[in-house]
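Shown next, in structure tokens, is the structure this report addresses.
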Amino acid sequence: MSGFWSDRRVHLREPNLLYIDGQWSDASSGSAIEMVSPSDEEIHSRVAEASSADVDRAVVAARRAFDEGPWPRLTPAERAAVLRRFAAGLRARSDEFAAAWSLQTGVPTTIARHALTNPGQMYDYYADLIESEQLVTVTRRDSGGHAIIAREPVGVVAAITPWNHPSHLMALKVAPALAMGCTVVAKPAPESPLDVFILAEVAENVGMPAGVFNIVPCGREASEYLVSHPGIDKASFTGSAATGARIASICASRMARSSMELGGKSAAIVLDDIPVDQVVATLVDGGGVRMAGQGCAFLTRVLVSRKRRDELAEAYAEKLRGIMIGHAFDPATQMGPIAMKRQLDKVMGYIAKGRAEGARILTGGGRPKKLAGVPEGKGFFVEPTLFVDVTNDMTIAQEEIFGPVIAMIAYDDEAEAIRIANDSPYGLNGAVYTNDAEKAYAIGRQVRVGNFSHNGLEHDSKYPFGGYKLSGTGREGGPYGLDIYTEVKTLYMPEPPACAA
Ligand code: NAD
């Protein structure tokens, strides 16, 4: 094991068992998931792998906990109290969540530690929210009598996440689902399952009732069994558009609910009034380069006027050339590896395709040769890459690459910039760079995306996040994040009962 991370382990109590129905139990097949470090290709962890039989046990337990158990029947304040204890338990293990993120995905430790100082945050947030939300509203009908509108939990939730930001993406699902009174079967990506083991340990420690939170780390087959299971009321999915479409169609066939947080190919529109220095100061981070491009919302298309394209391209390339690539646990590293070999191959395939279709590489395009602290020839590293002379019909402008690859596209006027931004199957995120706030707002309203920022890339989980078009359905974050775990019931009564009045 190479030097950087020998002391940065995640200390799981029961990595070889599954947490189902409030108990740690053997995986029925006895098989394990083995995880390879993207920084040096050594195996860093092994955990139990759930089979369809284990998924079945988990759904039955979650079903029972929902239909017969205390959780949905507790008052919001009682559930909030458990969620706050849960949040405190997660907070106490912040360092392990940060280490798990870097270990599994190659995100630099400096970024992981900064972003995960409070992994309990969303649980505290939804604990506060559920106590203040009005869940029952009594109205007097025009025709006489009363209508009582009750917001109720949607039921048993399958929470399925991708590999790139495991604890955060799971929190965006589990926190509102539990707050609302749902029970959960958590299905992490097989490349980054460590986090749900910590969640399960903390759930057990804080006395969450049996069956309320269950974990089934598994691959595609058992995961598809999970969303097909008649005991599941709702699939909450984050991942690729292709998988999302598959899961949504499975759910639709039996009218199970689903919400989808899918991919993106987001555009930053750079207007002419803003100095290039001011733009590149935040545009490189907005492009997600320091995360090796492994995020859904990054600004991977840069739209610039034809007259300023060379100036912006050179300034952007200069920033990329200065990024220190290295082992995820080296504190000097500014950009780590791609999380896995298959994703690296995919990224290199897109780079080859960009070249073949006539785009020009201004910087990057290859694999770094020798990196400090990384055994020679090891690690899934790729250089930050800037393509210029890109047209929006090229594959690298249309498809999500999920790597540190930026496509710069020239426009003739602002109307064309908006048209190019919208000429995408995706609609997740966008940004405009200008010092004219009126124009920023006007452009923001014309770009068909779920999130849009002025002069940077902003994200705040207390506000709705989600996509238009192929980027998904539903919104996570903030009060909207509760709606996707909610059914709405209307009760007609001549007189409302005292408890609802
Ligand atoms: P993926 O779609 O391959 O897998 C996501 C999850 O679905 C994994 O847990 C996987 O095991 C599971 N899965 C795969 N096939 C399944 C099936 N047939 N039935 C049920 N489950 C199945 O995605 P990935 O490669 O892990 O992650 C990258 C993708 O996630 C990118 O497209 C990225 O844009 C997207 N993403 C979106 C958001 C967002 O909030 N919009 C956030 C992060 C990542």
Side-chain angles (χ1 to χ4, degrees), residues 33 49-50 52 55 59 101 104-105 107 122 158-173 185-196 215-229 232 235-251 253 256 258-266 288 291-300 338-347 350 399-403 424-429 449-451 457 459 461 463-477 480-481 484:
I33 298 173
E49 177 174 19
S52 295
V55 167
V59 177
W101 196 16
Q104 299 174 110
T105 71
V107 163
M122 293 315 296
I160 304 176
T161 49
W163 44 266
N164 61 312
H165 197 342
S167 61
H168 175 64
L169 297 174
M170 194 56 92
L172 285 171
K173 300 180 185 312
V185 179
K187 207 304 284 183
E191 297 84 4
S192 54
L194 297 180
D195 309 71
V196 297
I215 63 169
V216 288
C218 60
R220 183 194 163 99
E221 198 182 316
S223 186
E224 190 157 318
Y225 179 75
L226 170 66
V227 293
S228 313
H229 201 297
I232 292 292
S236 176
F237 176 75
T238 301
S240 62
T243 307
R246 170 93 189 133
I247 294 173
S249 70
I250 293 170
C251 289
S253 69
S258 65
S259 52
M260 299 285 150
E261 293 287 343
L262 308 176
K265 191 74 196 179
S266 304
M291 307 263 296
Q294 300 175 99
C296 52
F298 292 137
L299 304 167
T300 51
I338 300 283
M340 69 203 79
K341 173 77 165 63
R342 113 178 112 79
Q343 185 63 20
L344 170 69
D345 292 344
K346 191 172 152 199
V347 172
Y350 276 114
E399 294 185 11
E400 183 183 50
I401 298 175
F402 229 59
S424 169
Y426 292 105
L428 190 57
N429 200 8
V449 292
N451 317 268
L457 189 165
H459 175 61
S461 298
Y463 294 88
F465 179 85
Y468 286 22
K469 304 191 268 181
L470 201 54
S471 294
T473 58
R475 294 291 180 270
E476 290 188 335
Y480 286 85
I484 57 175

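When a ligand or atom number is given, it counts from 1 through the structure's own listing order.
Across V347 and G403, no two heavy atoms sit closer than the pair CG2-CA, 3.8 Å. Scanning both residues, L226 and I232, for their nearest heavy atoms gives O-CG1, 3.3 Å. What you find for S266 and A297 is that their closest heavy atoms are OG-O, 3.9 Å. Across all their heavy atoms, N451 and G466 have their closest contact at ND2-O, 2.9 Å.
By the 4.5 Å heavy-atom criterion applied to side chains, D195 and M170 are not counted as neighbours.
With sequence neighbours excluded, the residues forming a ring pair (Phe, Tyr, Trp, His ring centres under 6.0 Å) with H229 are Y225, listed by chain and number.
For ligand 1, the 4.0 Å heavy-atom shell contains residues I160, T161, P162, W163, N164, L169, K187, P188, A189, P190, R220, S223, E224, F237, T238, G239, S240, T243, I247, E261, L262, G263, C296, E400, F402, L428, F465.
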